[in-house]
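One structure is given below, encoded as structure tokens.
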Amino acid sequence: MPELPEVETCLRGIAPHLRGRRILRLEARERRLRWPVTPQIDAAVAGQPIEALQRRAKYLLLDLPSGSLILHLGMSGSLRVLPAETPPGPHDHIDLMLDDGKCLRLRDPRRFGSLHWAASPATDHPLLTQLGPEPVSPGFDGGHLHRRSAGRRAPVKTFIMDSRIVVGVGNIYASESLYRAGIHPQRPAGRISRTRYDRLATSIKAVLAAAIAEGGTTLRDFVQEDGNPGYFARELRVYGREGEPCPSCGHPIRQRRIGQRSSFYCARCQR
DNA sequence: CCGGACGCCTGTCGGC
DNA sequence: TGCCGACAGGCGTCCG
């Protein structure tokens, strides 16, 4: 489910409820997520105060005095802060019991999400060391994309979804960014000019920022912390719109699979 | 190193 | 109505 805007929305939703709180204990009803949720994690977080929350790529980091809890929502994960006694649903796998009678509850039907423990700093964890720059940061721009794309023959859509190049751009926002930049998703990454990469970097920043402002994109089941959907779905110009007229030229939006992921584009506006 | 394919899971939807 | 395959917002791993 979640790309960067949805994870950021999630962070903003839960942060006010978690700041200054202490974790009493971790309660697991299902430990078989992407990786097993080990009892070692339970032991590490029990009794610890939450000192800070942050996002890195699509990971949420809960910083505790002795390290960080690293949380990933996978394809179908979501988080709510609820009264501790709220009965769990069938896919409510993990609760972090808090010291104010509430709990942070992870729901994840497909179980592609994960929980890790990192002795500080979290950025040294193997899952985080290879990550590229945050897209909404000065370190990310067209020059970066242009340099990293040299010699690459893979489609540009695959290229910008590679977290070693830039983090947080998932399947929806990759299609949307390329559409707004006028670049065909299948064009080899190494055959795009610096000028066009400038446009692409600008598009990525703008699309992600706009999506965050709308609380993310709800296609099926994504909900914000308060249970409301994200409203960026109505701003999508190509994703999920196969056969509909291109908002710019009226040509029908096309769909095809690129790198095992469905991709949407306008064959007339994107070259 | 790079690029492509696969697998992990469950739920939903469209076609027959 | 029921079944069955395809597909879904991610990503680590393996293979050539």
Side-chain angles (χ1 to χ4, degrees), chain A residues 1-10 29-37 55-60 70-79 89-94 106-116 125-132 135 147-178 185-191 204 207-208 211-212 214-224 229-236 238-243 255-264:
Chain A
M1 105 186 359
E3 302 181 36
L4 186 149
E6 292 73 38
V7 178
E8 181 69 25
T9 297
C10 178
R29 284 171 288 272
E30 174 57 84
R31 293 181 176 273
R32 296 171 302 166
L33 302 188
R34 176 81 201 265
W35 286 282
V37 179
R55 179 190 57 72
R56 172 70 174 115
K58 298 171 190 169
Y59 295 94
L60 289 170
I70 304 173
L71 214 151
H72 196 286
L73 297 174
M75 288 279 265
S76 60
S78 60
L79 291 170
H91 301 297
D92 291 339
H93 305 309
I94 306 285
L106 171 68
R107 170 174 299 184
D108 186 3
R110 292 178 72 181
R111 293 193 273 124
F112 289 168
S114 60
L115 238 58
H116 298 271
H125 191 278
L127 289 173
L128 305 191
T129 50
Q130 304 293 334
L131 295 175
R147 282 190 302 278
R148 296 297 304 269
S149 67
R152 294 205 179 217
R153 283 159 299 165
V156 61
K157 174 164 181 274
T158 308
F159 174 69
I160 60 172
M161 289 178 68
D162 182 341
S163 63
R164 292 165 302 185
I165 304 302
V166 57
V167 301
V169 183
N171 202 38
I172 296 177
Y173 301 112
S175 279
E176 291 297 310
S177 303
L178 289 164
Q186 202 136 38
R187 174 168 288 272
R191 294 190 45 244
I204 289 172
V207 167
L208 295 179
I212 291 169
E214 294 289 335
T217 298
T218 296
L219 293 184
R220 273 162 289 276
D221 50 7
F222 172 73
V223 288
Q224 306 184 46
Y231 297 106
F232 194 71
R234 59 191 181 194
E235 312 290 332
L236 298 176
V238 290
Y239 187 89
R241 298 193 182 280
E242 188 199 7
Q255 173 179 17
R256 72 201 282 182
R257 289 189 87 73
I258 299 174
Q260 286 82 243
R261 310 298 299 276
S262 68
S263 311
F264 301 86

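What you see below is based on every heavy atom in this structure, not just the backbone, and it leaves out hydrogens, waters and symmetry mates. In the text below, chain A, chain B and the rest are named by the order of the sequence lines, each starting its count at 1. Given the structure is predicted, the values throughout are model-derived calculations rather than measurements.
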Distances under 3.5 Å between protein N/O atoms and the N/O atoms of nucleotides 11-13 of chain B, please, pair by pair.
residue: B:dG11; atom: OP1; partner: A:H91; partner atom: NE2; Å: 2.7

- Message: Working note: A:R261 + A:R257, criterion side chain to side chain contact (heavy atoms under 4.5 Å, CB included); need CA distance, chi angles, decisive distance, verdict.
- Response: CA-CA 5 Å; A:R261 310 298 299 276; A:R257 289 189 87 73; 5.6 Å; no
- Give a yes-or-no answer on whether the side chains of A:S263 and A:Y239 include a donor-acceptor pair shorter than 3.5 Å.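 No, because no side-chain N or O of A:S263 sits under 3.5 Å from a partner of the opposite role on A:Y239.
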- Message: Can you see whether A:R241 engages A:Q255 through a side-chain donor-acceptor pair at a distance of less than 3.5 angstrom?
- Response: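 There is no such pair between these side chains.
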Nucleotide nearest [X] when distance is taken to its side chain, options [options]:
X	options	result
A:E6	C:dA8, B:dG7, C:dG9	C:dG9
A:R257	C:dC7, B:dG4, C:dG12	C:dC7
A:Q255	C:dG9, C:dG12, C:dA8	C:dA8
A:F112	B:dG3, C:dG9, C:dG10	C:dG10
A:R152	C:dG9, B:dC2, B:dG4	B:dC2
A:R153	B:dG3, C:dG10, B:dG4	B:dG3

Taking any heavy-atom pair under 4.0 Å as a contact, classify [X]: base, sugar-phosphate, or nothing.
X	answer
A:Y59	sugar-phosphate
A:P188	nothing
A:Y239	sugar-phosphate
A:S262	sugar-phosphate

[N], OP1 or OP2 - any side-chain N/O from [X] closer than 4.0 Å?
X	N	value
A:R261	C:dG9	yes
A:R111	B:dT10	yes
A:H72	C:dG10	no

Could you tell me how far apart [X] ([atom1]) and [N] ([atom2]) are, to the nearest whole angstrom?
X	N	atom1	atom2	answer
A:Q260	C:dG12	CD	C1'	14 Å
A:E176	C:dG9	CD	P	13 Å
A:D108	B:dC8	CG	C1'	12 Å
A:R148	B:dG3	CZ	P	11 Å
A:M161	B:dG3	CE	P	15 Å
A:K58	C:dG9	NZ	P	10 Å
A:N171	C:dC11	CG	C1'	13 Å
A:E30	B:dC9	CD	P	10 Å

- Task: Name all stems that contain residues of DNA chain C, defined as runs of 3 or more consecutive Watson-Crick or G-U wobble pairs, both distances under 3.5 Å.
- Result: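 B:2-8 with C:10-16, B:10-16 with C:2-8 - these are the stems of 3 or more pairs that involve DNA chain C.
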- Message: For the C1' atoms, the ones on B:dG3 and on C:dG9, what distance do you get once it is rounded to whole angstrom?
- Response: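 Going atom to atom, C1' in each nucleotide, I get 23 Å.
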Heavy atoms only: give me the nearest [X]-[Y] pair and the separation to one decimal.
X	Y	answer
A:H93	A:D108	NE2-O, 2.9 Å
A:L60	A:C10	CD1-SG, 3.9 Å
A:V207	A:E176	CG1-CB, 4.2 Å

- Query: At what distance, to the nearest 0.5 angstrom, does CG of A:L127 lie from CH2 of A:W35?
  - Reply: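 Going from the CG atom of A:L127 to the CH2 atom of A:W35 covers 5.0 Å.
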- Quick one: sort the A:Y59 and A:H72 rings into parallel, tilted or perpendicular, breaks at 30° and 60°.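 A:Y59 vs A:H72 ring planes: perpendicular.
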- For A:L106, the option from A:L73, A:V37, A:D92 that meets side-chain contact (heavy atoms from CB on, under 4.5 Å):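 With A:L106 as partner, side-chain contact (heavy atoms from CB on, under 4.5 Å) holds for just one option, A:L73.
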- Message: Check this for me: A:R29, atom CZ, are more than 12 non-hydrogen atoms of other residues, nucleotides or ligands nearer than 6.0 Å?
- Response: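 Yes, because the 6.0 Å sphere around CZ of A:R29 holds more than 12 heavy atoms from other groups.
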- Carboxylate-amine/guanidinium contact A:K58 A:E6, below 4.0 Å: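 Answer for the salt bridge query: no.
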